[in-house]
Amino acid sequence: MAIDGTCVDVADTPENDAAFGRPGTGRGQGVGAFPQVRMVGVAECGTHAVVDVAVGPYREAEKTLASKVFRALGPGMLLAADRGFFSFELWQQAAQTGADLLWRAKSNQALAVEEVLEDGSYLSRVYENANGNRRGKGIPVRVIVYTIDDPGRPQAESRYRLLTTILDPEAGPAAELACLYDQRWEFESTLDELKTHQRGARVVLRSKLPGGAVQELYGMLCVHYAIRWLMHAVALDVDADPDRLSFIRTLRVARRTTASHPGFSPSDS
């Protein structure tokens, strides 16, 4: 599983502006063309199915919304998250669901080495103060450090430190977890499916009222889930990886089907 967030443009009306707010321009002068809804979701990396979301105004931080989607987690899951989501409180809340965590650490986060393990990872602790001022006993974590061999990346961005709740290297070898963390980027593909291909590039949600805009966003998410469910069902039938199927082609098939086989009319009663 992966957690991430995005913003979606909504209709430029006084009601939406008051409810959601809008971003500033790049140089901090003026404001953006449209109000925006902020959304944080949890998705399956393998199927791209978004299983839960939290929606709020643009001014609400992703960390604030994140805690509302932890209800989708449970034992047997591994949740990957970027460093922007880390906080002592969120780590505690996510770990209490029973899911295992694999989150990137912040670059300035102090992680003292307590014990070096056979796979090169080491045991450490995270504290309420991320700068390392020890307050309380802290929470045991395992730290995995690796470097991405990419000449195009700045050196500082090539070094990754991952925190995980899997303390036993036999249960999750460092190299395996590093490869699994890379799957977090599947969420970016999910957002591309939603915002570029399904909704359409630069298309703004139409509702002029906040309630309608949120309803429209959930409708868009439900359609995406239905398409991804169809792709998953087909993949199971042919014993294939859902990643090998084309979302764009499946979307086109679904659109042709709705045009040739329209739904039933609402009941008069």
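- Judged by distance alone, with hydrogens and angles left aside, the side-chain atoms of Thr257 form a donor-acceptor pair with the main-chain N or O of Val253 at under 3.5 Å.
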Would you list the atom pairs, donor with acceptor, under 3.5 Å between side chains in residues 226-238 and any protein atom, with sequence neighbours excluded?
| unit_1 | atom_1 | unit_2 | atom_2 | d |
| --- | --- | --- | --- | --- |
| Arg228 | NE | Thr47 | O | 3.3 |
| Arg228 | NH1 | Thr47 | O | 3.4 |
| Arg228 | NH2 | His48 | ND1 | 3.3 |
| Arg228 | NH2 | Glu193 | OE2 | 2.6 |

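- Crowding of Tyr225 atom OH: a count of heavy atoms from other residues, nucleotides or ligands under 6.0 Å not exceeding 12.
- Remark: side-chain polar atoms of Glu216 are paired, donor with acceptor, to backbone N or O of Arg206 under 3.5 angstrom.
- Side-chain contact check for Phe85 versus Ile3: some heavy-atom pair is nearer than 4.5 Å.
- Paired with Arg142 under the rule side-chain hydrogen bond (donor to acceptor under 3.5 Å, both in side chains), one option of Asp119, Asp168, Thr164 passes, and it is Asp119.
- With rounding to the nearest 0.5 Å, the separation of CZ in Arg161 from OG in Ser124 is 9.0 Å.
- The two atoms that bring Phe88 and Phe86 nearest to each other are N-CE2, 4.1 Å, heavy atoms only.
- The hydrophobic cluster containing Met1 also contains Trp103, counting ILVMFWY residues as joined when their side-chain heavy atoms lie under 4.5 angstrom apart, directly or transitively.
- Linking ILVMFWY side-chain heavy atoms closer than 4.5 Å, directly or via other members, places Leu102 and Phe187 in two distinct hydrophobic clusters.
- Outside the 6.0 Å centre-distance limit, the rings of Phe20 and Tyr58 are not counted as a close aromatic pair.
- The shortest heavy-atom contact between Val51 and Ala72 is CG2-CB, 4.1 Å.
- Around atom CZ of Arg59, more than 12 heavy atoms belonging to other residues, nucleotides or ligands sit under 6.0 Å away.
- Phe34 and Leu217 fall into different hydrophobic clusters, defined by Ile, Leu, Val, Met, Phe, Trp and Tyr side-chain heavy atoms under 4.5 Å apart, directly or through other members.
- Two different hydrophobic clusters hold Val37 and Val204 under the rule that ILVMFWY side chains link at heavy-atom gaps under 4.5 Å.
- Within the model, atoms CG of Leu191 and NE2 of His224 stand 8.5 Å from one another, a figure rounded to the nearest 0.5 Å.
- The same ILVMFWY cluster, assembled from side-chain heavy atoms under 4.5 Å apart, contains both Leu177 and Ile148.
- To the nearest 0.5 Å, the span separating OH on Tyr181 from CG on Leu78 amounts to 11.5 Å.
- Using a 4.5 Å cut-off on side-chain heavy atoms (C-beta onward), Val50 and Thr190 make contact.
- Atom NE2 of residue His197 and atom OG1 of residue Thr250 lie 12.0 Å apart, to the nearest 0.5 angstrom.
- Once rounded to the nearest 0.5 Å, the distance linking CG of Leu163 with CG of Leu101 reads 9.5 Å.
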Legend entry - Working for salt bridge (Lys or Arg N to Asp or Glu O under 4.0 Å), residues Lys208 and Glu15: CA-CA 7 Å; Lys208 300 182 184 303; Glu15 292 84 359; over 6 Å; no

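- Across all their heavy atoms, Leu73 and Ala99 have their closest contact at CB-CB, 4.0 Å.
- Closest of all the heavy-atom pairs between Gln36 and Val10 is N-CG2, 4.3 Å.
- In this structure Thr165 satisfies the side-chain hydrogen bond (donor to acceptor under 3.5 Å, both in side chains) test together with Asp100, sequence neighbours excluded.
- The two residues Ala112 and Tyr122 have their closest heavy-atom pair at O-CE1, 3.8 Å.
- Nearest heavy-atom pair, Ala11 versus Ser207, reported as atom, atom and distance to 0.1 Å: CB-O, 3.3 Å.
- Residue Glu118 qualifies as enclosed at atom CD: its count of foreign heavy atoms under 6.0 Å is above 12.
- Glu188 CD: more than 12 foreign heavy atoms inside a 6.0 Å radius.
- Side chains of Lys63 and Ser87: no donor on one and acceptor on the other come within 3.5 Å.
- Side-chain contact between Leu111 and Val126 is present, with heavy atoms from C-beta onward closer than 4.5 Å.
- Gln109 places a side-chain N or O within 3.5 Å of a backbone atom of Lys106 that can act as its donor or acceptor partner.
- Atom OG of Ser67 and atom CD of Glu62 lie 12.5 Å apart (nearest 0.5 Å).
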Inset, instruction - I would like to know whether Arg184 and Asp4 meet salt bridge (Lys or Arg N to Asp or Glu O under 4.0 Å); could you show each step before the answer? - result: CA-CA 9 Å; Arg184 188 192 73 80; Asp4 210 340; 3.4 Å; yes

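- No side-chain heavy atom of Arg38 sits less than 4.5 Å from a side-chain heavy atom of Val55.
- Two residues are said to be in side-chain contact when any heavy atoms from C-beta on lie closer than 4.5 Å; Leu79 and Phe70 meet this criterion.
- Residues Leu162 and Val143 have side chains not in contact (no heavy-atom distance under 4.5 Å, counting atoms from C-beta outward).
- Inter-residue side-chain proximity for Lys195 and Thr6 is flagged as met; some heavy-atom pair is nearer than 4.5 Å.
- Partners of Lys68 by salt bridge (Lys or Arg N to Asp or Glu O under 4.0 Å), not counting sequence neighbours, listed by chain and number: Glu60.
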Legend entry - Step-by-step side-chain contact (heavy atoms from CB on, under 4.5 Å) determination, Leu194 to Met220: CA-CA 8 Å; Leu194 268 166; Met220 186 172 73; 4.0 Å; yes

Legend entry - Derivation and outcome, side-chain contact (heavy atoms from CB on, under 4.5 Å), residues Arg22 and Asp17: CA-CA 7 Å; Arg22 64 181 79 203; Asp17 192 18; 3.2 Å; yes

